[in-house]
Novice: 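Got a structure for you, questions after.
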Amino acid sequence: MTHEIAVIPGDGIGQEVTPAAVDVLGELNIDFEFVHAEAGDETKAETGTALPEETAEIAADADATLFGAAGETAADVILPLRSIVGSFANVRPARAYPGLDALQPETDLVFIRENTEGVYSGIEDEITEGVRTLTRVITEDASEKIAEYGFQYAKRNGYDDVTIAHKANVMRETDGLFLDTAERVAEERGAEYDTALMDALAMHLAMTPEEYGVVICPNLAGDMLSDLAAGLVGGLGLLPSANIGEENALFEPVHGSAPDIAGEGVANPSAMILSAAMMLDHLEYPEEAETVRAAVESVLDSGPRTPDLGGSASTEEMTEAVVDEL
Ligand code: GGG
């Protein structure tokens, strides 16, 4: 069986780390057909649109998409792409790896981020000069869906601690609905859970991440808390993610285009390769996914490392080391 994979490197270091993931996948005994497509800042400069129709169609028709990174055109690229694949859940694992000098070596968290609404749904306006608005939509349906997914994920992956992040004491209507719905889901499932105000949660995650497992979050909170967790384990170069839909999915590192190092060939490919491992799980190749994760883990422990991890290896050298471990 051939799996058609859309490959959209996007901007900046996305163009350096995406080929690394494709190289690793190419070493496996799985029949992939990679269909390359353009999107992002450069594409907009060349064609006038950041997400050409052809790219959207390739992502919609593929069995899964690998996406690198979005730059200034993030709102025109990554948010529509998530919608094109019908993604409702953004799964962001953040774990500390042996051998790395992590700030919090006991970290093993998974953020289950609502992926369709909240402030990222993009309903912004300028009502008069100097006054702009942002309308935030939260629905019971989307809150129920992400809570169901979060509790199922925790059960399937052996996480005992589930926390519902919210700020319902201030955003009473919107986060209030998110919280009430997620608590109802937990109670219907007979699941244990905690709730946490997202600002206090940020502090607790920084100080005692080992007390948390799965964190179910509204959209923006999930984006921010997962970046915080990246800081606990060694940086954004280590965090993969999966955008899960009912029938399609897109996999991307949590990091963005990193214009400060783009073009230097030193971006850490781990997050992108680990995102490809999440894609292997999704396509039901759990053994191959585990093999790829083990190879990355081994290189992180004792192989060549990129400068963000204190080493001097290039993206290519680190990728070759992962390939050699397979
Ligand atoms: N690879 C993910 C990426 O490009 N991130 C940049 C970004 O702006 N992300 C916003 C989001 O994840 O919603």
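A quick note: this is a predicted structure, and the numbers were derived from the prediction, not measured. First listed ligand is number 1; within each ligand, the first listed atom is number 1.
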Novice: Check whether any side-chain heavy atom of Met224 lies under 4.5 Å from a side-chain heavy atom of Met198, and answer yes or no.
Specialist: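 No; the side chains remain at least 4.5 Å from each other.
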Novice: Would you say that Thr315 contacts Asn268 through its side chain, given a criterion of any heavy-atom pair below 4.5 Å between the two side chains?
Specialist: no
Novice: Show me which atoms of ligand 1 lie under 4.0 Å from any heavy atom of Ala69.
Specialist: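 So the answer, numbered in order with elements, is 1 (N), 4 (O).
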Novice: Please determine whether side chain to side chain donor-acceptor pair (under 3.5 Å) holds for the pair Thr55 and Glu53, giving the CA-CA distance in whole Å, both sets of side-chain angles, and the decisive distance to 0.1 Å.
Specialist: CA-CA 5 Å; Thr55 301; Glu53 190 57 36; over 6 Å; no
Novice: Tell me which protein heavy atom sits closest to atom 12 (O) of ligand 1, plus the residue, atom name and distance to 0.1 Å.
Specialist: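 Among all protein heavy atoms, the one nearest atom 12 (O) of ligand 1 is Arg82 NH2, 2.8 Å.
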Novice: Does Ile78 come within less than 4.0 Å of ligand 1, judged by its heavy atoms?
Specialist: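 Per 4.0 Å heavy-atom rule, Ile78 does not contact ligand 1.
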Novice: Below 4.5 Å, heavy atoms only, C-beta onward: do Glu325 and Val299 meet side chain to side chain?
Specialist: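 When only atoms from C-beta onward are counted, Val299 and Glu325 do touch, with a gap below 4.5 Å.
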Novice: Is it the side chain (CB and beyond), the backbone, both or neither of Arg113 that lies under 4.0 Å from ligand 1, heavy atoms counted?
Specialist: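 The part of Arg113 near ligand 1 is the side chain, not the backbone.
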Novice: Which residue holds the protein heavy atom closest to atom 10 (C) of ligand 1, what is that atom called, and what is the gap in Å?
Specialist: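 Here the nearest protein heavy atom works out to Asp223 OD2, 3.7 Å.
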Novice: Mark yes or no for whether Thr18, through its side chain, and Gln15, through its backbone, hold a donor-acceptor pair below 3.5 Å.
Specialist: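 Judged by distance alone, no pair lies under 3.5 Å.
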Novice: So for ligand 1, is Arg92 a polar contact partner (N or O within less than 3.5 Å, distance only)?
Specialist: yes
Novice: Using a 4.0 Å cutoff against the non-hydrogen atoms of Ala70, which atoms of ligand 1 qualify?
Specialist: 3 (C), 4 (O)
Novice: Distance under 4.0 Å to a non-hydrogen atom of Tyr120: what atoms of ligand 1 satisfy this?
Specialist: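 Taking each heavy atom of Tyr120 in turn, ligand 1 has 13 (O) under 4.0 Å.
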Novice: How close does the nearest protein non-hydrogen atom get to atom 5 (N) of ligand 1, and which residue and atom is it?
Specialist: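 Answer for atom 5 (N) of ligand 1: His255 O, 3.6 Å.
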Novice: Determine whether the aromatic ring centres of Phe67 and Phe251 lie less than 6.0 Å apart.
Specialist: no
Novice: For ligand 1, which atoms, with element, lie under 4.0 Å from some heavy atom of Pro253?
Specialist: 1 (N), 2 (C)
Novice: Measuring from the heavy atoms of Met272, does anything fall under 4.0 Å of ligand 1?
Specialist: no
Novice: Run the contact test for Gly68 against ligand 1 with a 4.0 Å cut-off on heavy atoms, strictly below, and give the result.
Specialist: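 Gly68: in contact with ligand 1 (<4.0 Å).
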Novice: Taking C-beta and beyond as the side chain, do Ile138 and Glu117 meet within less than 4.5 Å on heavy atoms?
Specialist: yes
Novice: Quick one: are the ring centres of Tyr285 and His3 less than 6.0 Å apart?
Specialist: yes
Novice: Would you call Glu297 and Arg293 a salt bridge, taking side-chain N to carboxylate O under 4.0 Å as the test?
Specialist: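 Answer for the salt bridge query: no.
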Novice: Considering non-hydrogen atoms of the protein only, which is the closest contact for atom 6 (C) of ligand 1, and what is the distance?
Specialist: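 For atom 6 (C) of ligand 1, the nearest protein heavy atom comes out as Gly256 CA, 3.8 Å.
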Novice: Quick check on contacts: which atoms of ligand 1 are under 4.0 angstrom from a heavy atom of Ala74?
Specialist: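 So the answer, numbered in order with elements, is 8 (O).
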Novice: Counting non-hydrogen protein atoms only, what is the nearest one to atom 2 (C) of ligand 1? Give residue, atom name and distance.
Specialist: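 Here the closest protein heavy atom is Glu252 OE1, 2.9 Å.
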Novice: I'd like to know if the side chain of Ser87 and the backbone of Ile244 have a donor-acceptor N/O pair within less than 3.5 Å.
Specialist: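 A pair under 3.5 Å: yes.
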Novice: Output yes when the distance from some N or O of ligand 1 to some N or O of Phe67 is under 3.5 Å, and no in every other case.
Specialist: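 Looking only at distances, the answer is no, because the N/O contact criterion of under 3.5 Å is not met.
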